[in-house]
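Just so we're on the same page: letters track the sequence lines, and every chain starts at 1.
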There are 2 protein chains.
Amino acid sequence: MRDREDYMLKGLSEEELLELADLFKMFSDSTRIKILYDLFDGEKNVTEICEDIDMNQSAVSHQLRALKTAKLVKSRREGKSIVYALDDDHVKTIIAMGKEHIEE
Amino acid sequence: MRDREDYMLKGLSEEELLELADLFKMFSDSTRIKILYDLFDGEKNVTEICEDIDMNQSAVSHQLRALKTAKLVKSRREGKSIVYALDDDHVKTIIAMGKEHIEE
DNA sequence: TGAACATATGATAATATATTCATATGAAAA
DNA sequence: TTTTCATATGAATATATTATCATATGTTCA
């Protein structure tokens with residue numbers, strides 16, 4: 001392996017490539033992609049998401065945290081609930097491109 | 001869990017959602033995304049790819065097979081070599097969207 | 001034909017990831 | 001201020017994924 005520092009593939013550093021992979025990792029799990037897709041039509045609290053995608057609360061919470069860390073969703077408290085929403089315009093585009101690919 | 005058959009999240013079936021996740025899984029590994037990105041500027045044989053991304057031949061071959069199964073790359077023989085190329089127009093768009101996200 | 005080159009493949013071991021369970025935290029309502 | 005509702009979190013287990021090693025397959029050329 002060359003030095004980590006000077007590894008570059010056409011303008012993208014090793015670090016940026018790892019970041020890219022980590023980003024797409026968020027879309028690579030069916031629970032997470034269901035959550036993202038569920039949020040396409042607006043914000044929802046955790047309970048609603050659980051019902052929509054038919055997964056238990058703990059699993060959903062864990063994945064929501066991952067999505068939030070990746071800055072793909074944001075959250076705010078509303079009374080007892082926490083409401084989640086998409087936090088990136090590219091999310092819809094990325095998923096739409098994916099849909100087009102599998103529909104071919 | 002409801003019946004697998006009738007589970008649907010806004011027009012996408014369970015099966016399509018799994019397909020989507022599997023597609024994005026291809027972008028979620030740094031070796032694979034390096035390969036895809038390396039093929040942005042045209043076809044290359046396996047040896048060239050190995051050199052560009054600085055990974056050993058076996059690992060690259062394994063990942064190329066995965067990418068081919070996912071219909072993201074195609075290959076053809078050219079003498080002793082096998083030449084790989086991108087096989088989907090959406091690949092560039094998907095990666096470009098990812099780049100935009102991480103650059104924010 | 002056999003040596004050299006290019007790629008693919010199977011098995012294994014190391015690592016990463018997701019779900020579940022139990023429980024903690026935090027807000028509201030009785 | 002205790003109970004209930006909503007969400008988060010840590011630990012443990014189960015599963016999936018990846019790189020490596022050894023070797024097989026296929027091609028060219030002497």
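In this entry the distance linking CD of A/Glu51 with C1' of D/dC5 reads 13 Å, nearest Å. Across the protein-nucleic acid pair, A/Leu18 atom CG and C/dA16 atom C1' stand 14 Å apart, rounded to whole Å. Atoms CD (B/Gln63) and C1' (C/dT7) sit 15 Å apart, rounded to a whole Å. One can place CD of B/Glu43 at 13 Å from P of C/dT7, the figure rounded to the nearest angstrom. Distance B/Arg76 CZ to D/dG26 C1': 17 Å, rounded to the nearest Å. Atom P of nucleotide C/dA18 and atom CD1 of A/Ile33 are separated by 13 Å, given to the nearest angstrom. Atom CG of A/Leu67 and atom C1' of C/dA18 are 13 Å apart (whole Å). Whole-Å rounding puts the A/Arg65 CZ to C/dA18 P distance at 12 Å.
Judged as a side-chain hydrogen bond (donor to acceptor under 3.5 Å, both in side chains), and not counting sequence neighbours, the contacts of A/Glu16 are A/Ser13. Residues satisfying the side-chain hydrogen bond (donor to acceptor under 3.5 Å, both in side chains) criterion with A/Thr69, sequence neighbours excluded, are absent altogether. With sequence neighbours excluded, no residue forms a side-chain hydrogen bond (donor to acceptor under 3.5 Å, both in side chains) with A/Glu15.
For the residue pair B/Ile94 and A/Gly98, the shortest heavy atom distance occurs at CD1-N, 4.2 Å.
Here B/Arg32 reaches the OP1 or OP2 of D/dT18: one of its side-chain N or O atoms lies under 4.0 Å away. Residue A/Ser81 places none of its side-chain N or O atoms closer than 4.0 Å to OP1 or OP2 of D/dC5. Not one side-chain nitrogen or oxygen of A/Thr47 sits closer than 4.0 Å to the OP1 or OP2 atom of D/dC5.
With B/Phe40 as the aromatic partner, B/Lys92 meets the cation-pi criteria of under 6.0 angstrom to the ring centre and within 45 degrees of the ring axis.
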Polar atom pairs (N or O), protein with nucleotides 21-30 of chain C, under 3.5 Å:
{"residue": "C/dC21", "atom": "N4", "partner": "A/Ser58", "partner atom": "OG", "Å": "2.5"}

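Pairs of residues two or more places apart, or lying in two chains, that qualify as salt bridge (Lys or Arg N to Asp or Glu O under 4.0 Å) and include a residue from residues 64-81 of chain B are B/Glu43-B/Arg76, B/Arg76-B/Glu78. For residues 94-104 of chain B, the set of pairs meeting the side-chain hydrogen bond (donor to acceptor under 3.5 Å, both in side chains) definition, not counting sequence neighbours, comprises A/Asp88-B/His101, A/His90-B/Glu104.
Toward the 5' end of DNA chain C, the nearer of the two residues B/Val83 and A/Lys25, judged by each one's closest nucleotide, is B/Val83.
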